[in-house]
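Structure first, then comments.
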2 protein chains.
Amino acid sequence: MDIKIVDVAAKAGVSPATVSRVLNESSSVTSKTKAKVMKAIEELGYHPNAVAKNLRSQKSMTIGVIVPDINASYFAEIIKGIENVAYARKYKVIICDAENQKEKEAEYLTLLMNRTVDAAILIAPLMSDEEICQISEKGYTLAVVGRYIEHDRIPCIYTDNVKFSKEVVQHLVENGHRDIVFLSGYAEAIDSYERLEGYLKALRDYHIPFRPELIENGNFNEGGGYEAMKRLFDKNLHFTAVFAANDEMALGVYKACAERGIAIPSQLAVVGVDNNRISKYITPTLSTVNQPKYTMGALLVEKLIDQMNENQFHDKRTFKVDSELIVRGSSNFRRE
Amino acid sequence: MDIKIVDVAAKAGVSPATVSRVLNESSSVTSKTKAKVMKAIEELGYHPNAVAKNLRSQKSMTIGVIVPDINASYFAEIIKGIENVAYARKYKVIICDAENQKEKEAEYLTLLMNRTVDAAILIAPLMSDEEICQISEKGYTLAVVGRYIEHDRIPCIYTDNVKFSKEVVQHLVENGHRDIVFLSGYAEAIDSYERLEGYLKALRDYHIPFRPELIENGNFNEGGGYEAMKRLFDKNLHFTAVFAANDEMALGVYKACAERGIAIPSQLAVVGVDNNRISKYITPTLSTVNQPKYTMGALLVEKLIDQMNENQFHDKRTFKVDSELIVRGSSNFRRE
DNA sequence: AAATAATTTGAAATCGATTTCAGGATAAAT
DNA sequence: ATTTATCCTGAAATCGATTTCAAATTATTT
């Protein structure tokens with residue numbers, strides 16, 4: 001462990017520079033000296049110090065990823081996409097869990113950007129667009145998944161929230177629903193806003209009057225969805241369908257319905273977003289929107305690495321991908 | 001971004017050493033010079049280069065965690081435990097996903113150990129005990145969760161597989177089952193072995209003859225559980241309960257039963273292990289064994305950091321924690 | 001065989017911080 | 001006022017690799 005490159009050099013009877021050369025194949029060395037060096041490395045059990053190497057070469061061949069919550073399967077798939085492409089391109093990936101805390105997100109980003117990694121990918125970041133742009137301006141390499149960013153050096157990939165939201169409402173309306181609850185995530189999230197926008201646009205298309213009392217906030221989590229539904233039930237409002245801005249909240253809807261003896265989908269149709277693993281296993285199976293998570297991660301990191309290698313900024317920097325509605329048991333019911 | 005400590009020093013009219021001192025509060029500086037330095041840092045937007053810092057100070061205040069699969073919720077909880085305790089102790093945590101590939105696990109471990117982190121935690125490692133010990137012998141600081149390791153410098157935490165396996169079988173026998181299928185994980189895994197051991201011991205306690213044909217392998221995943229059950233059904237064996245060595249395989253059992261029209265729990269009782277999130281949502285709810293995942297992560301990292309700080313090895317290095325059986329719908333049925 | 005070109009190699013500089021050691025300034029004690 | 005102790009500060013060494021530049025070696029050409 002305390003063996004350094006000079007030790008190897010001494011043992012092999014060469015200079016540290018030569019050892020470095022065989023280590024990195026950076027320039028040619030005689031097969032004879034190479035053999036000597038290899039032998040010394042082997043015998044001493046030498047492992048190069050990555051920190052020293054990174055300091056001198058000013059790169060780490062590592063990409064950092066910051067996720068809001070490592071527990072959410074939604075992010076896991078994106079990470080898989082990132083990891084696989086990065087790995088194929090000789091980059092390693094390290095992941096940091098911000099645990100839904102803005103402060104932690106910032107701290108981990110600082111940790112990563114202080115030259116520990118060559119670039120950082122922010123997944124569904126908690127921080128604002130301005131903060132992200134500021135960091136990029138300082139010269140750090142960033143990329144964002146799950147949000148559109150207006151900055152010509154930050155590649156980003158995101159889904160068309162408005163589009164799929166409209167499709168969800170369309171699907172519900174075509175199954176006879178007109179009074180559709182919208183369970184939004186937390187208000188600051190751009191996703192919440194856009195999904196709501198799609199909901200409103202679809203209503204307008206069908207000339208269905210908008211009832212603001214049918215909008216409730218569920219903070220993107222199960223408990224939030226449950227509480228929101230309880231509030232709605234208590235108000236005795238009339239509605240026949242719920243569009244939850246993610247599957248987690250939809251689970252809360254299921255729970256609230258179970259408590260009140262309301263049958264899904266005959267009495268209440270439910271649609272979520274994310275295609276969580278659970279959505280396929282719960283009874284009834286949950287209709288949801290599937291986003292191409294793996295592809296999003298893969299595509300973005302591909303772009304990012306290209307940009308780093310070419311050291312120039314391409315025309316095509318932002319990617320909007322489509323999601324698809326998956327109709328399952330919770331909404332597959334025609335209301336007369 | 002290109003601002004270095006010398007630039008700050010120049011601007012503040014002090015030496016780099018002084019800048020370093022105010023940065024790290026390593027020794028006292030006059031409030032006047034401190035103010036000058038702070039001002040210069042602020043105005044230049046200086047961020048210290050972590051790589052240089054780590055190289056000189058020979059530490060990173062960072063702990064690396066390698067997981068076999070970032071998608072498995074089982075590991076996410078452990079990571080949460082690690083992260084929270086580490087964070088409270090001023091350590092950052094970075095996570096690497098080995099994607100169930102031994103080769104990737106080794107590569108990431110190399111990446112981490114080449115001084116990028118102060119210590120690495122291996123969660124349910126794929127590599128052998130010998131390999132782990134060898135790495136420790138080289139002077140790297142390691143810890144392991146999910147496996148007992150015979151090495152006096154490697155803290156580890158693991159559950160008593162034999163004990164809870166016995167409890168599961170006991171529960172089934174007391175509900176009238178005598179022909180209990182055991183679905184094991186992959187054969188090399190020590191967990192598989194120990195869970196089987198508990199199963200066998202319990203049978204012996206109840207004087208139930210062991211039927212080797214009731215042991216099937218399911219590779220710890222859903223597809224494996226499904227295939228294994230199909231094989232068992234096709235053989236036309238008599239059994240009334242299945243003990244799956246994890247919940248994933250139990251999901252496969254559910255699927256196979258649904259296809260054959262076999263009712264759970266009346267025709268077949270099922271028990272899993274892990275207390276996956278899905279186990280609570282599936283119908284019928286799945287009986288399972290809950291392991292104190294969060295605590296395992298938290299306890300281990302606490303121990304690890306203590307050990308690093310004290311720079312000595314404590315007497316109590318290994319922790320065996322207990323798991324609890326959670327009886328739910330899939331086995332809560334008394335057979336006459 | 002001598003001159004030239006191409007290839008290997010090593011010495012020393014470098015990456016950007018921390019830390020040691022000694023000197024200078026200030027405060028306390030005589 | 002002088003001596004002694006304490007506190008601040010800076011110059012230079014250091015962490016462990018890579019990289020540049022020049023020297024030394026080998027290969028090629030005349």
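Remark on DNA chain D: of its neighbouring residues B:S57 and B:S15, the 5'-side contact belongs to B:S15, judged by nearest-heavy-atom nucleotide. Place A:A52 and B:T33 on DNA chain D by their nearest nucleotides, and B:T33 ends up nearer the 5' end.
A salt bridge links A:D306 to A:R89: one of the charged nitrogens lies within less than 4.0 Å of a carboxylate oxygen.
Of the candidates D:dG16, C:dT9, C:dT8, D:dG16 carries the atom nearest the A:K4 side chain, counting heavy atoms from C-beta on. Here the nucleotide nearest the side chain of B:T18, chosen from C:dT18, D:dT9, D:dC8, is D:dT9. You'll find that the side chain of A:T30 is closest to C:dT8, out of C:dT8, C:dT19, C:dT18. Here D:dG16 is the nucleotide among D:dG16, D:dT18, C:dT8 with the atom lying nearest to any side-chain atom of B:L55.
Under 4.0 angstrom from either OP1 or OP2 of D:dG16 there lies at least one side-chain N or O belonging to B:Q58. One finds no side-chain N or O of B:Y46 lying less than 4.0 angstrom from the OP1 or OP2 phosphate oxygen of C:dG16. OP1 or OP2 of D:dC15 has not a single side-chain nitrogen or oxygen of B:N54 nearer than 4.0 Å.
Taking atom CD1 of residue A:I41 and atom C1' of nucleotide D:dA17, one finds them 13 Å apart after rounding to whole Å. The nearest whole Å value for the distance from the NZ atom in B:K36 to the C1' atom in D:dT9 is 10 Å. Going from atom NZ of A:K32 over to atom P of D:dT25 covers 14 Å, rounded to whole Å. The distance from atom CG of A:L44 to atom P of D:dA17 is 12 Å, rounded to the nearest whole Å. Rounded to an integer number of Å, the gap from A:R21 CZ to D:dC21 P is 13 Å. Rounded to whole Å, the distance from CZ on B:R56 to C1' on D:dG16 is 11 Å. Rounded to whole Å, atom P of D:dG16 lies 17 Å from atom CG of A:N24. Spacing between atom CG of A:D2 and atom P of D:dG16 amounts to 8 Å, rounded to whole angstrom units.
Geometrically, B:K104 does not engage B:Y108 in a cation-pi contact, judged by NZ or CZ lying under 6.0 Å from the ring centre and within 45° of the ring axis.
Side-chain N or O atoms of A:N219 include none that pairs as donor or acceptor with a backbone N or O of A:N221 at under 3.5 Å.
With B:H151 as the fixed residue, the side chain to side chain donor-acceptor pair (under 3.5 Å) test singles out one of B:R317, B:E130, B:E137: B:E137.
Nucleic acid contact for A:S20: base, since at least one base atom lies under 4.0 Å from a heavy atom of the residue. No engagement by B:V19 is indicated, since no non-hydrogen atom pair under 4.0 Å with the nucleic acid exists. Note on A:V14: only backbone sugar-phosphate atoms sit closer than 4.0 angstrom, heavy atoms only; bases stay farther off.
In terms of heavy-atom proximity, B:Y140 sits nearest to A:H47 at OH-CB, 3.7 Å.
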